[in-house]
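It should be emphasised that the depicted structure is a prediction, and the values quoted were computed from it without experimental measurement. Chain letters run A, B, ... following the sequence lines, proteins first, then strands; residues in each count from 1.
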Amino acid sequence: MSNPFQQSLFKPKAAGAEASSSQPDFIRILDYNFYYGEAQVLFDLNLDIPHQEVTAFIGPSGCGKSTLLRNLNRMNDLIDGIRHEGDITIDGHSIYDPYLEVISLRKRIGMVFQKSNPFPKSIYENIVYSLRVAGRSKKSELDETVERSLKSAALWEEVKDRLQESAFGLSGGQMQRLCIARAIANRPEILLMDEPCSALDPIATGKIEELIHQLKEEFTIVIVTHNMQQAARVSDRTAFFYLGKLIEYGETEQVFMNPTNKQTEAYVSGRFG
Amino acid sequence: MKTANPFGQNIRPVGEVWVWVSGVGLAIGLFMIGFLLAVILWNGLNFFWPKRVALIELDPVGRTEFRDQKLVAGVIMARLALTPENLSPGNADLIDLAIEDPDYMREMQVYTGNRDVFANRNFAFLNMGDIVGITYPDDMLVLERTEWGNAIVRPQELRLGDGMIIAADDPSFSRQLRTLVNEVRERRATITRIERSQIGRLNARMSRERLEVRYLDSLEDPTPAQQAERASRVERIDEIESLIRPLMEQSALLRGMQREHSLAFTLIDGTERVQPLGDVINFYFPNKKGLFQRIGWFLFKIWEFITDYPREANTEGGIFPALFGTFVMTVLMSLAVTPFGVLAAVYLREYAKQGPLVSAVRISINNLAGVPSIVFGVFGLGFFIHEVGAVIDMVFYPRMVAINTPVFGTGGILWASLTLALMTVPVVIVATEEALAAVPRGVREGSLACGASKWQTIQRLVLPASSPGILTGLILAMARGAGEVAPLLLVGVMALAPSLPVDGMFPFVHLDRKFMHLGFHIYIVALQSPDTEATKPLVFASTLMLILLVIVLNLGAIMIRNHLRRKLTSSAF
Ligand SMILES: Nc1ncnc2c1ncn2[C@@H]1O[C@H](COP(=O)(O)OP(=O)(O)OP(=O)(O)O)[C@@H](O)[C@H]1O
Ligand SMILES: [Mg+2]
């Protein structure tokens with residue numbers, strides 16, 4: 001994928017390296033422990049997330065899925081008293097590298113939050129926000145970004161006539177799609193989605209799943225979900241967490257059809273959780 | 001036997017009594033505020049209402065008289081009850097008289113005007129038992145004059161400059177008088193324009209030159225360059241003087257013309273007097289006016305009060321400079337307090353590591369809001385004027401320092417505004433902090449996830465989203481700052497400032513100037529004027545204007561806030 005805007009902080013891709021699944025260890029999580037103050041919530045995690053695939057995190061509530069996801073773009077830095085051990089690398093580059101600027105890391109990673117969080121601005125300004133903070137304000141580029149992002153998020157048809165209206169006038173599902181459009185506006189390489197469909201009706205959910213399928217072409221996607229069917233439908237690989245530990249990780253089909261672990265089997269078949 | 005109430009016997013909601021108690025608390029609070037506003041509104045507006053002039057006849061053998069007269073003309077202000085305790089010994093028999101006629105124990109306060117005739121007194125106090133009759137003759141005339149306040153008279157005739165005489169019973173008398181009064185008013189405005197702006201401007205330049213010359217004269221042994229400078233400055237002073245002279249002549253000429261026509265009238269006792277029309281500001285026949293004329297006059301008086309300069313040591317005339325000074329000071333204060341308070345709050349809430357130290361700072365800021373305002377005045381004097389002002393003077397006006405004429409090293413509107421800004425900054429900080437805290441965490445995280453830096457997040461999302469809250473803080477700050485008087489006494493307020501802090505003279509905003517302030521004006525008028533009884537209505541009227549000014553300023557800020565709110569919640573931002 002060529003992206004003219006990306007002067008990637010990650011290693012330049014080897015010439016001719018084919019994108020899809022060429023890097024099974026695009027994101028590596030190594031011996032990772034994470035603490036909120038004294039409380040440890042992630043234990044000894046080791047997993048590799050492949051390039052341009054969809055990886056789903058599943059597990060019962062409170063098992064640390066969001067925590068792990070939010071560590072991938074260091075969003076947890078905002079919280080006082082956090083601590084980690086081990087490392088996370090993206091494209092071979094540690095995200096905890098002291099010489100790495102968190103901002104440039106986050107510019108490469110889009111994030112959709114568990115609770116939709118549109119800005120108190122117009123729809124248009126919501127989308128172009130990431131461009132504006134990057135100092136890009138060419139009208140044509142912004143317009144093009146808005147249209148492309150909204151189309152990708154399946155929202156364009158619904159809002160194209162009211163781009164200058166407040167984002168707060170949208171419905172809950174529209175807001176969530178707006179947040180997705182905002183997350184992909186600046187063409188990140190990785191897209192983190194924390195239960196993007198928890199507030200949506202089946203139709204909107206379907207649209208977003210379709211969207212995930214399309215985005216896969218371009219992005220590496222990590223999605224947290226409580227919906228087993230959804231995980232089965234959209235993801236290539238699935239990681240099952242329980243009480244902060246990675247219980248099982250593998251091809252989605254294998255995890256769902258043929259889990260090696262008893263807890264996984266119980267969880268995916270809906271017998272616990 | 002037991003009724004089938006599954007929830008027990010007591011179905012009255014628990015705590016209902018407290019609803020009533022708290023409701024009563026609110027009612028008392030509202031009543032007190034309403035009462036306060038009503039008192040000020042009533043007394044303040046009453047000042048402008050044209051009241052009828054009564055002609056009061058006193059019992060020829062009674063004890064009460066006024067300036068050896070048994071006839072008193074004036075506006076009935078109040079009827080006061082006498083108490084046996086405060087009767088003078090000579091009047092002790094009034095108690096017996098009052099058994100037959102209770103009026104003997106009551107007094108009537110009458111505004112008689114004519115301060116020039118009545119030894120500077122404005123009021124007569126008449127024992128009501130001695131009052132035989134009260135009439136309201138149509139020919140009573142009230143003259144508003146540039147000096148000695150109002151006159152209440154019976155007009156005789158108009159004496160024109162060309163010797164023509166128009167008697168008061170001439171049907172065209174009133175119309176002619178109106179024309180002439182308008183004429184002198186216009187001429188007076190011209191004189192004021194010449195003296196205040198044209199001559200005033202030249203005078204300002206000249207006094208600057210004079211100060212420079214004074215400095216050059218103070219040098220022990222001036223260099224040739226300084227001597228040359230002195231010579232050229234003296235030359236410039238002469239030049240300015242030669243510019244002023246014709247203006248002075250012109251105004252003297254106009255002043256002479258003001259004495260051309262005059263009005264002859266008699267006082268109530270029949271004494272004849274002649275008043276040059278140049279000293280008459282306005283006149284009216286109070287007993288002839290109909291309701292609509294009265295309303296028109298009332299509105300006109302309010303307008304005049306707002307736009308006129310005060311006269312006669314602030315006891316007459318309008319309040320424009322005080323109103324304007326208060327306005328400018330409040331605006332300057334807002335300009336200073338907002339960025340200062342907002343930045344402090346942003347640091348405290350967004351950047352500082354929350355902990356005991358920040359908590360201590362926050363508590364100190366809250367306590368700052370409770371410090372008596374005079375303390376800030378003393379601080380303003382000690383720090384802004386004596387330290388900052390002195391340094392500014394030393395750097396920019398070394399010559400003025402040398403001849404002991406401080407520019408910024410003395411009270412002025414800048415220091416007053418900054419002092420008040422300091423006093424009100426806690427309010428802004430607290431309000432801003434609350435507004436910042438109310439911005440949802442999700443919005444901040446969303447912004448950071450988009451690759452924004454912390455400052456970008458604050459600047460682009462957090463501050464706009466909290467701007468209504470910030471403005472609420474500013475509104476509270478303005479309400480407190482606009483009415484504060486005590487600290488101003490130390491940092492540059494004046495009872496009668498020679499010029500406005502903002503005018504047409506370069507550089508238009510004169511931050512070093514002393515200024516007038518409504519709060520101080522009220523204080524001066526109420527307590528420092530020769531006849532505080534007479535200026536009471538003026539106090540109420542000025543207070544009303546102060547309240548109105550605060551309301552207007554607040555409404556302005558509220559409108560901006562609502563506009564921002566609408567922008568934030570409904571349309572594009
Ligand atoms: N800011 C925080 N401070 C302290 N503990 C936290 C914080 N956020 C989360 N936790 C704790 O960390 C654990 C993991 O939380 P996390 O939000 O990652 O769970 P989750 O798997 O996303 O759950 P859900 O499916 O309900 O969203 C929980 O026990 C939670 O209480
Ligand atoms: Mg979660």
For this session: With side-chain contact (heavy atoms from CB on, under 4.5 Å) as the test, would you mind laying out the steps for A:Arg106 and B:Cys450 before giving the verdict?
Result: CA-CA 7 Å; A:Arg106 292 191 186 134; B:Cys450 282; over 6 Å; no

Problem set entry | Closest approach of B:Gly446 to A:Phe113 (non-hydrogen atoms, all atoms of both residues) | CA-CE1, 3.7 Å

Exercise. What option among A:Leu163, A:Val112, A:Asn117, A:Asn73 has the most heavy-atom pairs under 4.5 Å with chain B?
Worked result: A:Asn117

Seminar exercise, completed: Between A:Ile103 and B:Gly451 the two heavy atoms that sit nearest each other are CG2-O, 3.2 Å

Problem set entry | Nearest heavy-atom neighbours spanning A:Pro120 and B:Val443 | CD-CG1, 4.3 Å

For this session: Below 4.5 Å from any heavy atom of chain A, which atoms of B:Arg441 appear? Answer side chain, backbone, both or neither.
Result: side chain

For this session: For the residue pair A:Lys121 and B:Leu461, establish whether any side-chain heavy-atom pair is separated by less than 4.5 Å.
Result: yes

Exercise. Can you list the steps and then say if B:Arg460 with A:Phe119 is a side-chain contact (heavy atoms from CB on, under 4.5 Å)?
Worked result: CA-CA 10 Å; B:Arg460 287 165 184 265; A:Phe119 301 147; over 6 Å; no

Exercise. How long is the gap from CG on B:Leu448 to CE on A:Met111, to the nearest 0.5 Å?
Worked result: 11.5 Å

Exercise. Are more than 12 heavy atoms from other residues, nucleotides or ligands located less than 6.0 Å from atom CZ of B:Phe379?
Worked result: yes

For this session: Compare all side-chain heavy atoms of A:Arg70 with those of B:Glu445 and state whether any distance is below 4.5 angstrom.
Result: yes

Exercise. For atom OH of A:Tyr35, is the number of surrounding heavy atoms from other residues, nucleotides or ligands below 6.0 Å larger than 12?
Worked result: yes

Exercise. Would you find more than 12 non-hydrogen atoms of other residues, nucleotides or ligands less than 6.0 Å from B:Phe31 atom CZ?
Worked result: no

Exercise. Should the heavy atoms of other residues, nucleotides or ligands under 6.0 Å from CZ of B:Phe340 be counted, would the total exceed 12?
Worked result: no

